[in-house]
Amino acid sequence: MRSQQKILSAALGLIEGGGFEAVNIAAVATVAGVSRQTVYSIFGTREEVVSQAMGGLAIEVLGEITAQVESVDTACDYVVEFIVAARTAVRAHPVLATLLLAERGNPVFDVEMMSRAIPFATQMLTPMVERGLATDVELDEIVEIAVRLGLSVVAFDSELVHSDDSLRAFLSRWLGPAIRSTS
């Protein structure tokens, strides 16, 4: 296994076992069986290791999410189903579930979170443009609202949106007018 993949796997194992606080360059290097210098030379910072590890995992999980959005026929439904599926995936996966913990080092609570989330979300929601559900111009605003609302839905639960059906109804009710107004 290449050093980069060993490092990313080590970071995910550390996150699963002890949360984001367990991840530091020395621990990642030890678990990966590489030197600290190797970790620094490939990633530069602890934050970049965590970001790339979590991003890679998120792309893996995207297959499950993509299957749930294939049959929708509006931009609003696409975003709604994407958020519902993402919440289910995050809560069900032991590493992704750590994103729900407000602990030091959690990338969700990092000051750079939006600058990292927007390109990733753009990549995930671009199929809406390819399918004619939104334009390139609309996509930027849809991504912005989807990231902001999606993160809050994933991180914070309430009785109003506890089930997938109630979340779907809530998102459709509030996102529908917002997304239609961009068309």
Side-chain angles (χ1 to χ4, degrees), residues 8 11-23 46-72 74-128 133-134 139-179 182:
L8 294 173
L12 291 174
L14 288 165
I15 293 167
E16 184 176 350
F20 292 98
E21 290 183 5
V23 180
R46 171 207 178 276
E47 290 73 22
E48 192 59 28
V49 173
V50 169
S51 177
Q52 285 194 33
M54 295 301 290
L57 178 58
I59 288 170
E60 243 178 73
V61 172
L62 180 63
E64 301 166 25
I65 295 170
T66 301
Q68 293 189 26
V69 298
E70 284 180 1
S71 63
V72 302
T74 70
C76 179
D77 289 345
Y78 192 102
V79 174
V80 166
E81 292 305 320
F82 190 89
I83 291 172
V84 170
R87 178 178 78 166
T88 299
V90 167
R91 290 183 176 173
H93 194 284
V95 174
L96 293 176
T98 61
L99 293 171
L100 304 176
L101 305 173
E103 64 174 310
R104 191 173 51 90
N106 184 333
V108 169
F109 302 102
D110 183 275
V111 56
E112 297 293 321
M113 193 283 305
M114 286 301 286
S115 65
R116 293 178 188 186
I118 294 293
F120 181 76
T122 300
Q123 180 183 357
M124 301 302 110
L125 296 177
T126 293
M128 290 191 324
L133 303 176
L139 185 63
D140 289 340
E141 290 183 353
I142 291 171
V143 165
E144 185 77 24
I145 192 69
V147 168
R148 291 179 182 281
L149 185 56
L151 285 170
S152 87
V153 164
V154 168
F156 307 111
D157 200 8
S158 74
E159 198 55 41
L160 181 66
V161 295
H162 188 67
S163 73
D164 285 353
D165 288 338
S166 62
L167 174 60
R168 194 172 282 113
F170 173 82
L171 292 172
S172 295
R173 185 169 48 258
W174 293 103
L175 281 176
I179 291 177
T182 65

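Computed over heavy atoms, backbone and side chain alike; hydrogens, waters and symmetry mates excluded.
Between Val84 and Leu171, some side-chain heavy-atom pair lies under the 4.5 Å cut-off. Between Ile65 and Gln68 the shortest side-chain heavy-atom distance does not fall below 4.5 Å. Annotation: side chain of Phe20 is in contact with side chain of Met54 (closest heavy-atom distance under 4.5 Å).
Closest heavy-atom contact between Val23 and Arg46: O-NE, 2.7 Å. Considering every non-hydrogen atom in both Pro119 and Met114, the closest pair reads CD-O, 4.4 Å. Scanning both residues, Val147 and Ala117, for their nearest heavy atoms gives CG1-CB, 4.0 Å. The shortest non-hydrogen separation linking Phe120 to Gly55 is CE1-O, 4.0 Å. Of all heavy-atom pairs between Leu96 and Ala89, the closest is CD1-O, 4.2 Å. The two residues Ala134 and Ile142 come nearest to each other via the heavy atoms CB-CD1, 3.9 Å.
Once rounded to the nearest 0.5 Å, the distance linking CD of Gln52 with CG of Leu12 reads 11.5 Å. Note: Glu144 CD to Thr122 OG1 = 9.0 Å, rounded to the nearest 0.5 Å. The SG atom of Cys76 sits 10.0 Å away from the CE atom of Met128 when rounded to the nearest 0.5 Å. Once rounded to the nearest 0.5 Å, the distance linking CD1 of Ile83 with CG of Leu151 reads 9.0 Å. Taken from OG1 in Thr126 to CG in Leu139, the straight-line distance is 5.0 Å, to the nearest 0.5 Å.
Taking the six-membered ring where the residue is Trp, Phe170 and Trp174 present tilted rings, their angle falling between 30° and 60°.
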Determine, stepwise, if the pair Val80 / Leu175 fulfils side-chain contact (heavy atoms from CB on, under 4.5 Å).
CA-CA 8 Å; Val80 166; Leu175 281 176; 4.1 Å; yes
Under the side-chain contact (heavy atoms from CB on, under 4.5 Å) criterion, do Arg91 and Asp157 qualify, and how do the steps go?
CA-CA 11 Å; Arg91 290 183 176 173; Asp157 200 8; 3.5 Å; yes
Test log, rule side-chain contact (heavy atoms from CB on, under 4.5 Å), inputs Arg87 and Asp164:
CA-CA 9 Å; Arg87 178 178 78 166; Asp164 285 353; 3.3 Å; yes
Full working for side-chain contact (heavy atoms from CB on, under 4.5 Å) between Val79 and Ile179
CA-CA 9 Å; Val79 174; Ile179 291 177; 3.9 Å; yes
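A distance-only check finds no donor-acceptor pair linking the side chain of Ser172 to the backbone of Ala169 [under 3.5 Å]. Side-chain atoms of Ser51 do not come within 3.5 Å of backbone N or O of Glu47 as any donor-acceptor pair.
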